[in-house]
**Student:** 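After the C-alpha cells below, expect a handful of questions from me.
Both counts, for ligands and for their atoms, begin at 1 and track the order of listing.
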Amino acid sequence: MNASMRTATFYGAEDIRLEELTRPEPEPGKVLVKVTSTGICTFERRIFSGAQKHIPMPVIAGHEVAGRVVAAPADTGLTEGDKVALDLVYRCGRCYYCVRGMDNQCVRLFKEGLTWEGRHLMGGGFGEYVSVDPAKVFKVDESVPDHIAALAEPVGCVLHSFGKTTVGLGDTVAVIGAGTMGSLHVVLAKLQGCKVLVSDPDAERRAFAVERLGATAAVDPTTHDPVAAAKELTAGRGVNAVFVTAGVGAAAEQAIEMTGKYGSVVLYAASYPPAKVAVDWNRIHYNEIRIDGTESRTRDDVRRAVQLLPGIDLEPLVSRRIGLDDLPTELALGVPRGATQRVVVTMA
Ligand SMILES: [Zn+2]
Ligand SMILES: [Zn+2]
C-alpha cells in the first residue's frame, strides 16, 4: 500500500474537490518533488470560473510551484532537500520553435498528456507531490522563502516581456494595469534603474504601486490623461516602453500614444473577448515605434528568474498564504481586487 497525498482537483466550473490520492514514488529519470508553495494564477481562477475553455477534466492544476526534492537521478546534481522552482509545461525540444530557443511557442506545449490516477495534470501544484522531468526543475537559493520561490514562473514571464524592449538605466517606462503582473513589471523596471508610471483605475492599486513598489507616479485613466502623464515624466518625449497588462483595446491604443520615438509597446495581457486595435500608421512610421506581443516564458527565462530571486524583494506581491483546504473558498472569491496581489497555497 503506497502512501497518500492530498490534492485539490477541478471537476468543472465552480467544482473543485479535495481528494486523497496515491503519492507518486521515485521513478527512474524523474525528480520527485514535495510541493511547498503554489501561486494561484489567473489561469486557475479562470478554470474555476469556467472562462478557461477546453480544459480536460478532472484536472490537477497549479503551475507556479516551489518545492523540495525528495529523490532525483544522480546526474541531475540535485539531492534530497534541495529547494527548487518548477517550470511545469511540456516543451518537446524538437519542433521548429524549440530548436530555435523559442520554446515558449513549442507546438506541443501542454500536450504531454500526463495523468495521475485518472486526473489530468496541468502543472499539478495543487497536489502535495509531483514527479517531473529533470529539465523542469531549477534549484533555488536557500535564502529565498518558498512562497517567493513559487513566483519564479511569473517573474520569468515578465523577463520575457522586458526582452521585447531595449529599456535600461535612465529610461522611463509605463505599466498599464497594476495587478500582479503589472506590479512585477514595476519591480523589474525599478531594478533596471527606470522611472515608472503606472496607469490603473483602482485607487488602492495605484497607492500600492507607488508606496510599496516605488513607482514614480500613478495615474487614474478615468479622470486623468495617461498620455499627458507620460509626457510630463519625459520632457514631452513619451516613454521608452509601455507594458500593457490589462487586456482592453483602449489600453493598447493609449499605449501607442504614450510611447516616444524608438519606443516599444508590449502587449502582455491577452484580451477576452478578442479586441481589435486601431493604430495610427504614421505615428508608428515616423516615430519608429515597435509593437510586440509577449507570451509566457522560455525555459531560459525561468532559469534567469531563479537567479534573480535572491536579489529582489517580492514580499509585497504575496498578499495571502492559505492552506490547500482553503483553496475552494479562495477561488470562490473570484479575481483579486484592490491591492490584493498573489495568493499562494502553502503546504505543510
Ligand atoms: Zn502563472
Ligand atoms: Zn517544441
**Student:** At the Zn ion (ligand 2), what's the angle from Cys92 SG to Cys95 SG, rounded to 10 degrees?
**Tutor:** 110°
**Student:** I'd like to know: is the Zn ion (ligand 1) within the 2.8 Å range of an N/O/S atom from Cys157, strictly under that distance?
**Tutor:** no
**Student:** Tell me if the CD atom of Glu80 is crowded by more than 12 foreign heavy atoms within 6.0 Å.
**Tutor:** no
**Student:** Rounded to the nearest 0.5 Å, how far apart are OG of Ser296 and CG of Asp87?
**Tutor:** 8.0 Å
**Student:** Identify, by name, the N, O or S atom of Glu153 lying closest to the Zn ion (ligand 1).
**Tutor:** OE1
**Student:** Does Glu315 pair with Arg212 as a salt bridge, N-O distance under 4.0 Å?
**Tutor:** no
**Student:** What angle sits at the Zn ion (ligand 1) between SG of Cys41 and OE2 of Glu64, to 10°?
**Tutor:** 90°
**Student:** State, without any angle test, whether His185 and Thr245 hold a side-chain donor-acceptor pair at a distance under 3.5 Å.
**Tutor:** no
